Amino acid sequence: MSEMLMLTSSDSIEIYRYEEKIRNSGRSFNWVLVRDTLRFLRKSKIRKSNLVSKYGLKLVTQYLNKLDDQEGYDTIEQVIIACLDCGDETNPKKLLEQLKSKFGKDSVRVQRIQALCYESNNQLAEALQIFESILKKYPSDALSMKRQVAIFKGQGNLNKAIQVLNAYLQIYMCDLEAWLELSSFHISYLSYSTALYCLEEVLLNAPINFVFYIKYAETLYCLGGSENYNSAIQYYTHSLELNSPTEMDKLDHPPTFLPAIYGIIMSIYSMCEEGHPLKESQLKLMEWAQNNLLIITKKYSSNDKLNLVKHFIDSTDIFNKD
Amino acid sequence: MSNNISITTESLTKIHLHSFKHHASSVNGILLGKVDKNSILITDIIPLFHTQTLLPMFEVAMIQIEKYCRDNNIDIVGYYHSNQCIANELEPEPIAKKIADRLNNELNNMCFLMISKIEVNRPSGLVSIDKIGSDWLKNRKTLITIDTTSNSEDINVILKRNLQNIKESQIYDFEEYLSNPTCDWLNKSLVL
């Protein structure tokens, strides 16, 4: 799910730049660069466990005194999670002991990390027990509830995961990530209408993020029917308003609105296939989308793609039909 | 109908690299190759998605893949999928069954493979999912052999080498092409 959020901002470009710098620093360990990269990753919540476990581990074991207190322990927590993600079990244990001695075994944050260690070792019952005991004392501890959802999802028990997630969302109605996760559960069960409801909450919470409008439109398309294709077109065009193709020349990276253009073409074509009459504005939109698709393909894609895209435009054409 | 399924080393490597690149998601893609009455040879793959597969972009991909196949004298022979969770590793998600059903209806003969662990008694790491009645169920007995005519290196050796060189970051699927048109979802220049 975080991949969806990454697409939106310049975060993905920035993390790429950090990674490049680290790669280019070669054998010398630039602790300032690593500290800044880890800081950025904590803020943007991008998942780069290989990077964090490799460089972060060195930072917290050899350069911990260079970091100020609070940041040092934040970084240790970040490195523990990254190491667990990479399947490392020995280093997290050592670092966790460090945290336990500083903050005590009863600290909620330390307990959560302990539960994560259990999770990674497949001791799910122990992990769930910890989260239950935390929730008894602090019934609205968001992170514990979310980990419960994650455990149930990992066990393949989607029904239970949906149950806990629904209970969580009763309390935290503005949690964008949670609504996205719930929508993805429903999409994997092919319950597209319920997924649409969740995506509507996502859109309410993040109305200027173009990615979610595309997601909503695609889910509408899955439901099918002319009315839904019609609505899908509106959401696709709204996402284009937020991620404007007219500024394409000013971008320093390739355009990111191909799903919207393809989606518009598919939706209009599907409406036409169902015999639904098209408005003048939709015909113009179709023509514009087809042209733009060709322009983007000629400018950014390799030559062999042009043939395939031309064929796609021909197959979904509504203008030259008999 | 049981098939003899054979897959080239390169295709197999690509499938595993795709799943390694998006290790926390479910990945899927289309298998290309040659098909006979009861044997299938997979010679290439097109990775498709690594988040949920939604219909419109899937259809966009299929239209372009069909044209690519016609132009290059190769057939669509199947579909590969990997679940997001290891817990129910070999039970296909509903969307995977839907896609497999659609391909099954359109093609004379096809295979549906799920990605699993490479082991001694499963050298390819793939398991065939067969249509039994109206459902898709795993069939561990279907043997999937690795076709080593163009590359006889052991799959474990190739994968290890590529993962150490972070080669998996260079395999692009259709979804990445959609967010960046410069990505080559045909992976033509990928050297393993």
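Chain letters run A, B, ... following the sequence lines, proteins first and then strands; every chain starts at 1. Remember, it's a predicted structure, so these values are computed and weren't measured experimentally.
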Original post:
Could you give all pairs that pass the side-chain hydrogen bond (donor to acceptor under 3.5 Å, both in side chains) test and reach residues 217-228 of chain A, with sequence neighbours left out?
Top reply: Y221(A)-S270(A), Y221(A)-E59(B), S226(A)-E274(A)

**OP:** Inspect the surroundings of CZ in R122(B) and state if more than 12 heavy atoms from other residues, nucleotides or ligands are less than 6.0 Å away.
**Re:** yes

Original post:
What residues of residues 26-34 of chain B sit under 4.5 Å from chain A when you count only heavy atoms?
Top reply: none

**OP:** Find out whether Y68(B) and N307(A) are in side-chain contact, i.e. whether some heavy atom of one side chain is under 4.5 Å from a heavy atom of the other.
**Re:** no

Original post:
Checking heavy atoms, do the side chain of F58(B), its backbone, both or neither come under 4.5 Å from chain A?
Top reply: neither

Subject >> Gap between atom CD1 of I261(A) and atom CG of L178(B) - 0.5 Å precision >> reply: 11.0 Å

**OP:** Give a yes or no on whether N303(A) atom CG has more than 12 heavy-atom contacts from other residues, nucleotides or ligands under 6.0 Å away.
**Re:** no

Original post:
So which residues of residues 184-192 of chain B are in contact with chain A at a heavy-atom cut-off of under 4.5 Å?
Top reply: D184(B), W185(B), L186(B), K188(B)

Original post:
Where does D304(A) contact chain B at under 4.5 Å (heavy atoms): side chain, backbone, both or neither?
Top reply: side chain

Subject >> F312(A) side chain reached by K67(B) side chain, heavy atoms, under 4.5 Å >> reply: no

Original post:
Does atom NZ of K131(B) have more than 12 heavy-atom neighbours from other groups under 6.0 Å away?
Top reply: yes

Original post:
Shortest non-hydrogen contact from T256(A) to S179(B)?
Top reply: CG2-O, 3.4 Å

Original post:
Is it true that atom CG of L294(A) has more than 12 heavy atoms of other residues, nucleotides or ligands lying nearer than 6.0 Å?
Top reply: yes

Subject >> Which portion of K153(A) sits near chain B, non-hydrogen atoms under 4.5 angstrom >> reply: both

Original post:
Counting only heavy atoms not in I86(B), do more than 12 fall under 6.0 Å of its CD1?
Top reply: no

Subject >> Crowding at CZ, R140(B) (>12 non-hydrogen neighbours, <6.0 Å) >> reply: no

**OP:** List the steps and the verdict of side-chain hydrogen bond (donor to acceptor under 3.5 Å, both in side chains) for Q52(B) and K215(A).
**Re:** CA-CA 10 Å; Q52(B) 292 126 5; K215(A) 186 105 190 187; 2.5 Å; yes

**OP:** Look up atom CG in L220(A) and atom CG in L54(B), then write down how far apart they are to the nearest 0.5 Å.
**Re:** 11.0 Å

Original post:
Do you know which two heavy atoms are closest between C222(A) and L55(B), and how far apart they sit?
Top reply: SG-N, 3.4 Å

Original post:
Which heavy atom in P56(B) sits nearest to a heavy atom in M266(A), and how many Å separate them?
Top reply: O-CG, 4.1 Å

Original post:
How about H311(A) and R70(B): do any of their side-chain heavy atoms sit closer than 4.5 Å?
Top reply: yes

Subject >> Gap separating the OG1 atom of T182(B) from the CD1 atom of I296(A), nearest 0.5 angstrom >> reply: 12.0 Å

Original post:
What part of Y236(A) is in contact with chain B, defined as an atom under 4.5 angstrom from a non-hydrogen atom: side chain, backbone, both or neither?
Top reply: side chain

Original post:
When you measure from the side chain of S301(A) to the backbone N and O of P181(B), does any donor-acceptor pair fall under 3.5 Å?
Top reply: yes

Original post:
Roughly how far, to the nearest 0.5 Å, is CG of L258(A) from CE of M57(B)?
Top reply: 9.0 Å

Original post:
Does any heavy atom of chain A fall under 4.5 Å from the side chain of Q84(B), the backbone, both, or neither of them?
Top reply: side chain

Original post:
Mind checking which of residues 87-101 of chain B sit less than 4.5 Å from chain A, heavy atom to heavy atom?
Top reply: A87(B), N88(B), P94(B), I95(B), K98(B)

